[in-house]
Enquirer: 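Encoded as structure tokens, here's the structure I'll be asking about.
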Amino acid sequence: MKIVTGSSNTDLAEKIAKQLGLELTPLETFIFPDGERRIRVLDNVLEDDCIVVQPTSPNVDTNYIELFLIVDALKRNGARDITVIMPYMGYQRQDHQFRDGECVSLEVMIKAVESLGADKIITFDMHSIRIPDLFHIPIKHLSAIPIFAQTIRKNGWENDDTILISPDMGGINRIKLLSEALDNMPYANVVKNRDLATGKVVAADVDCESSTWKKKSFEGKRLILVDDMISSGHTIDEAGKLLKKLDAGDMYTFVTHAIFSSEAPQILQNSAMENIYVTDSVFVPKVKQFAKLKVVSIAKKVGEEIKS
Ligand code: R5P
């Protein structure tokens with residue numbers, strides 16, 4: 001078996017390689033002055049099962065192109081089987097036509113990676129559970145929820161004083177799964193409204209009906225917010241402000257994909273959260289790291305999946 005990586009998250013690729021007891025197979029990437037890339041595999045991959053690690057996080061387009069070129073290079077050089085580990089998959093927002101005249105960006109990316117010769121995809125916490133149905137090749141949709149449950153237990157937070165919070169109604173399934181993994185820890189949902197014209201997010205209320213925590217007060221309670229991704233940081237920040245007004249105690253956030261915009265680190269550092277836990281599905285460069293940030297790794301889970 002051979003494992004190669006694009007440039008989007010080499011740290012994660014090294015950790016996955018270690019889990020598998022492999023060295024990364026070197027690639028040569030030449031970037032022309034106009035930005036075009038040329039990829040060359042510097043090892044024999046003939047008849048090998050190959051793993052490509054490349055989350056398509058920002059810069060999304062560059063990372064997709066790099067992935068396409070790597071898959072093509074492996075295929076052309078005789079790889080037998082190609083598994084793409086794309087823990088974060090870009091273009092998930094456009095997974096269907098919302099309005100007449102629109103493209104379906106995600107289907108374009110899927111068609112490209114499939115037609116180039118990828119045989120299997122491993123990914124994490126997709127925005128919608130319907131997305132795997134768009135693939136024609138096998139896809140393993142893993143979740144960071146068990147890793148979060150483990151961290152919550154390790155921190156000794158699995159007692160009656162803790163309530164799980166979904167910062168919007170779209171996260172209800174995610175929060176139910178985490179609740180089940182933590183002996184039915186109570187949960188509540190924030191009602192988030194987004195102004196479609198300005199994009200501004202407002203945490204308007206807590207919905208008691210679809211929650212197992214029925215009170216609109218969190219006095220003396222530790223709150224754990226859970227989401228699939230952070231982009232601008234406003235969803236978490238606004239939820240934190242609302243929950244503080246409802247007497248919340250210490251608050252923590254667990255999020256799979258740290259797609260931080262340039263403003264997100266400051267917003268999150270100044271938020272009401274004690275800590276923000278993210279996975280290493282997306283590489284967080286030094287300039288986007290901040291004191292409250294904690295990173296847990298998905299490498300072991302990916303390694304176990306490949307070995308199985
Ligand atoms: C929305 O449906 C997602 O689950 C996240 O809540 C959202 O993408 C977070 O974005 P931001 O950090 O920009 O508020």
Side-chain angles (χ1 to χ4, degrees), residues 55-60 86-96 98 105-106 123-132 141-145 147-148 164-179 187-207 210-211 223-244 251-273 275-279 281-285 287-290 292-295 298:
T56 44
S57 45
N59 294 318
V60 183
M86 205 182 335
Y88 173 75
M89 192 165 179
Y91 281 110
Q92 288 183 56
R93 291 187 186 92
Q94 194 69 27
D95 63 348
H96 63 274
F98 294 87
S105 324
L106 185 62
T123 189
F124 273 78
D125 289 322
M126 292 192 136
H127 192 57
S128 149
I129 51 168
R130 291 187 306 269
I131 292 176
H141 185 190
L142 299 174
S143 175
I145 291 291
I147 302 171
F148 293 163
L164 302 173
I165 304 280
S166 174
D168 57 33
M169 299 300 287
I172 182 115
N173 286 333
R174 202 171 299 124
I175 212 83
K176 280 183 184 166
L177 284 177
L178 185 55
S179 165
Y187 61 82
N189 286 291
V190 168
V191 180
K192 172 174 101 174
N193 296 328
R194 193 185 283 273
D195 183 319
L196 288 180
T198 62
K200 195 172 159 30
V201 160
V202 179
D205 199 2
V206 173
D207 170 57
S210 59
S211 305
L223 303 188
I224 297 182
L225 286 74
V226 185
D227 211 345
D228 58 339
M229 63 173 93
I230 292 179
S231 175
S232 67
H234 287 305
T235 297
I236 294 300
D237 186 37
E238 289 298 315
K241 285 179 189 154
L242 172 75
L243 296 165
K244 257 299 172 234
M251 287 189 267
Y252 300 86
T253 289
F254 284 76
V255 164
T256 307
H257 307 297
I259 314 293
F260 293 159
S261 65
S262 52
E263 57 178 344
Q266 201 183 351
I267 290 173
L268 295 169
Q269 180 61 29
N270 295 335
S271 73
M273 302 299 134
N275 287 118
I276 313 280
Y277 286 80
V278 300
T279 78
S281 68
V282 172
F283 177 68
V284 181
V287 287
K288 290 192 178 175
Q289 293 173 10
F290 52 97
K292 289 183 178 177
L293 182 70
K294 289 192 181 284
V295 182
I298 57 169

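Each ligand, and each atom within it, is numbered from 1 in the order the structure gives.
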Enquirer: Select the closest option to atom 4 (O) of ligand 1 among Leu225, Asp125, Asp228, Val201, judged by heavy-atom distance.
Expert: Asp228
Enquirer: Run the numbers for me: atoms of ligand 1, each under 4.0 Å from some heavy atom of Ile230, listed by number.
Expert: 12 (O)
Enquirer: Which protein heavy atom lies closest to atom 8 (O) of ligand 1, and at what distance to 0.1 Å?
Expert: Met229 CG, 3.6 Å
Enquirer: Mind listing the closest non-hydrogen atom pair of Leu268 and Gly233 along with its distance?
Expert: CD2-CA, 4.0 Å
Enquirer: So, does His141 use its side chain to make a donor-acceptor pair with the main chain of Ile131 at under 3.5 Å?
Expert: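 No, the answer is negative, given that no donor and acceptor are paired below the 3.5 Å cut-off.
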Enquirer: Identify the protein heavy atom lying closest to atom 2 (O) of ligand 1, giving its residue, its atom name and the separation to 0.1 Å.
Expert: His127 CE1, 3.2 Å
Enquirer: What are the two closest non-hydrogen atoms of Arg174 and Asp228, and how far apart are they?
Expert: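 Smallest interatomic distance, heavy atoms only, reads NH1-N, 3.3 Å.
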Enquirer: Please list the nearest protein heavy atom to atom 13 (O) of ligand 1 with its residue and the distance rounded to 0.1 Å.
Expert: Ser232 OG, 2.6 Å
Enquirer: Closest approach of Tyr187 and Ser210, non-hydrogen atoms and distance?
Expert: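 Here Tyr187 and Ser210 meet closest at CE1-O, 3.5 Å.
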Enquirer: Which atom names give the shortest non-hydrogen contact between Glu263 and Ser232, and what distance separates them?
Expert: OE2-CB, 3.7 Å
Enquirer: Is it the case that the side chain of Asp125 and the backbone of His257 share a donor-acceptor pair, with hydrogens and angles ignored and the cut-off at 3.5 Å?
Expert: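 No, the answer is negative, given that no donor and acceptor are paired below the 3.5 Å cut-off.
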Enquirer: Tell me: protein heavy atom nearest atom 6 (O) of ligand 1, and distance?
Expert: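 Nearest protein contact, heavy atoms only, for atom 6 (O) of ligand 1 is Asp227 OD2, 2.6 Å.
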Enquirer: Counting both backbone and side chain atoms, is some N or O of Gly233 under 3.5 Å from an N or O of ligand 1?
Expert: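 Among all N and O atoms of Gly233, at least one is under 3.5 Å from an N or O of ligand 1.
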Enquirer: Looking at Thr279 and Thr256, would you say the former's side chain and the latter's main chain have a donor-acceptor pair under 3.5 Å?
Expert: yes
Enquirer: Report, in ascending order of atom number, the atoms of ligand 1 lying under 4.0 Å from any heavy atom of Thr235.
Expert: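 Per the distance check, 6 (O), 9 (C), 10 (O), 11 (P), 14 (O).
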Enquirer: Under 4.0 Å from any heavy atom of Lys192, which atoms of ligand 1 are there?
Expert: 1 (C), 6 (O)
